[in-house]
Amino acid sequence: MRIATWNVNSITARLPRLLAWLENTGTDVLCVQETKSTLEQFPSDALRELGYEAAVNATGRWNGVALISRVGLDDVVKGLPGGPEYEGVEEPRAISATCGGARVWSVYVPNGREVTHDHYAYKLRWLEALRVAVAEDSAGERPFAVLGDFNVAPTDQDVWDPALFEGATHVTPAERDALAALREGGLSDVMPRPLKYDQPYTFWDYRELRFPKNRGMRIDLVYGNGPFTAAVKDSYVDREERKGKGASDHAPVVVDLDL
DNA sequence: ATGTCACATAGGATGTGA
């Protein structure tokens, strides 16, 4: 089974690339983030023509997540049970389902903005709610993984210039501790191969020529439990998809499994 | 270069978020 995660930065703007990418890679299950769509705008028909079902948690202009699968899509749960609200709204940042024998989550962790911002405290509460929500499946015997845009670089190796990020979100000890707590619950970071350069970055800002200069971060992660990681044959970041006009600012992370 | 995108509102520039 080939499973992947991709922050598409608008499913509508990315649709031609998304459809071509699914066909070219033969991906079985795709976790998407930042659909920036309503349920009505989601391109379920175009995906169905390619042989995929979709489960969507999206409410409009911001956020939005989905699962796209051609190997089954059962027991869908929309949202993060016990998750916090932001400004009185339960944002669409999580969706989970069973696909081809694996339990899979697609998550879009809050950005945090700045460490002094309410959004940062919200981010930490969200990550703690995620830890609690996935604890049972993380420790279970069924292949299980949380995939998505975590908006946290797990180590300094995952940032092109750690000095530049001092005092910024995505690299603070509290954020990294939240990832460590997920790992202590039974999940492991599935490290992808870079297709070029030493570090497998997954995100490069659109500004400042960050992609051509390879000034990126690894913030799109695959956290799998023991049965999931034992089945991993290969993983890579498809940086080719970050190239050219009409690219997302994130590249897909692909995992091949003996499942 | 605070350098790019994508979306919404409004009614063709400007605000928001990343």
Side-chain angles (χ1 to χ4, degrees), chain A residues 5-21 31-43 46 56-66 83-94 106-127 147-154 158-172 175 178-179 201-221 237-253:
Chain A
T5 181
W6 189 9
N7 179 325
V8 293
N9 185 21
S10 171
I11 194 111
T12 308
R14 219 61 60 211
L15 187 59
R17 273 184 177 253
L18 173 70
L19 296 176
W21 189 84
C31 305
V32 300
Q33 302 85 37
E34 284 209 82
T35 65
K36 293 185 171 176
S37 70
T38 60
L39 182 57
E40 291 70 28
Q41 291 164 332
F42 194 89
V56 182
N57 184 15
T59 55
R61 163 172 205 193
W62 304 120
N63 314 305
V65 290
E85 295 182 344
Y86 186 69
E87 295 181 339
V89 177
E90 188 184 333
E91 298 179 319
R93 294 181 175 276
S106 174
V107 300
Y108 178 48
V109 177
N111 175 287
R113 301 182 189 168
E114 294 167 25
V115 294
T116 54
H117 199 287
D118 284 349
H119 211 259
Y120 177 75
Y122 167 57
K123 180 181 196 173
L124 295 178
R125 285 198 300 274
W126 202 94
L127 283 165
L147 304 92
D149 179 356
F150 283 71
N151 269 314
V152 180
D158 299 308
V159 180
W160 63 275
D161 184 359
L164 198 69
F165 284 83
E166 251 180 80
T169 61
H170 294 58
V171 301
T172 65
E175 289 164 279
L179 293 189
Y201 299 140
T202 65
F203 163 79
W204 301 258
D205 200 295
Y206 284 124
R207 294 167 287 192
E208 300 176 330
L209 300 173
R210 290 272 180 92
F211 182 67
K213 294 178 178 175
N214 197 35
R215 295 179 174 176
M217 307 175 81
R218 187 174 73 95
I219 57 176
D220 299 273
L221 309 175
V237 180
D238 190 357
R239 70 185 301 283
E240 296 300 309
E241 191 51 49
R242 180 61 179 79
K243 293 182 177 178
K245 196 169 168 56
S248 171
D249 43 1
H250 296 250
V253 179

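Reminder, nothing fancy here: chain letters follow the sequence lines and each chain counts from 1. Keep in mind that this is a model prediction, so the values were computed, not measured.
Aromatic ring pairs are classed by plane angle as parallel below 30°, tilted from 30° to 60° and perpendicular above 60°; the pair Phe203(A) and His250(A) is tilted.
Residue Arg113(A) places its side chain closer to dA18(B) than to any other of dA18(B), dC7(B), dA8(B).
For an aromatic pair to be called close, the ring centres must be under 6.0 Å apart, and His119(A) with Tyr122(A) satisfies this.
Look at the P atom in both dG11(B) and dT16(B): the space between them is 16 Å, to the nearest Å. Nucleotides dT14(B) and dA1(B) place their P atoms 23 Å apart, quoted to the nearest Å. The same atom, P, is picked in dT2(B) and in dC7(B); the two are 25 Å apart, to the nearest Å.
Rounded to a whole Å, the CD atom of Gln41(A) is 9 Å from the P atom of dC7(B). Atoms CD (Gln33(A)) and C1' (dA18(B)) sit 14 Å apart, rounded to a whole Å. Rounded to whole Å, the distance from CD on Glu91(A) to C1' on dT16(B) is 13 Å. Summarising the geometry, the separation between OH on Tyr120(A) and P on dA18(B) is reported as 16 Å, rounded to the nearest angstrom. As rounded to whole Å, 8 Å separates atom P of dC7(B) from atom CG of Asn9(A). Note: CG (Asn63(A)) to C1' (dT16(B)) measures 12 Å, nearest angstrom. When the P atom of dC7(B) is taken as reference, atom CZ of Phe42(A) falls 14 Å away, rounded to whole Å. To the nearest angstrom, C1' of dA18(B) lies 7 Å from NZ of Lys36(A).
Ion pairing between a basic and an acidic side chain is recognised when a charged N comes within 4.0 Å of a carboxylate O; Arg17(A) and Glu241(A) show such pairing.
If you check the side chains of Asn9(A) and Tyr206(A), you find a donor sitting under 3.5 Å from an acceptor. No hydrogens or angles considered: a donor-acceptor pair under 3.5 Å links the side chains of Thr5(A) and Gln33(A).
For Thr35(A) against Ala58(A), the heavy-atom pair with the smallest separation is OG1-CB, 3.5 Å. Of all heavy-atom pairs spanning Val171(A) and Ala153(A), the tightest one is CG1-CB, 4.4 Å.
Judged by closest nucleotide on DNA chain B, Ala247(A) is the one of Ala247(A) and Gly112(A) placed further toward the 5' end. Comparing Trp62(A) and Gly246(A) along DNA chain B, the residue whose closest nucleotide (by nearest heavy atom) sits nearer the 5' end is Gly246(A).
Of the candidates Glu114(A), Glu175(A), Glu91(A), Glu175(A) is the only one forming a salt bridge (Lys or Arg N to Asp or Glu O under 4.0 Å) with Lys123(A).
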Expected rows: protein N/O vs nucleotides 2-4 of chain B N/O, under 3.5 Å:
{"from": "dT4(B)", "atom 1": "O4'", "to": "Tyr206(A)", "atom 2": "O", "distance (Å)": "3.4"}

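The residue Arg210(A) sits apart from the nucleic acid: no heavy atom pair falls under 4.0 Å. At a threshold of 4.0 angstrom between heavy atoms, the contacts of Phe203(A) with the nucleic acid are absent.
When the side-chain nitrogen and oxygen atoms of Arg14(A) are compared with OP1 and OP2 of dA6(B), one or more of them lie within a distance under 4.0 Å.
In secondary-structure terms, DNA chain B builds stems of at least 3 consecutive Watson-Crick or G-U pairs, each pair having both distances under 3.5 Å, at B:4-9 with B:13-18.
For the ring-ring contact (aromatic ring centres under 6.0 Å, His included) test, residues two or more places apart in sequence or in another chain that qualify with Trp21(A) are Trp6(A).
In this structure the side chain of Phe150(A) never reaches within 4.5 angstrom of the side chain of Thr202(A), judged on heavy atoms.
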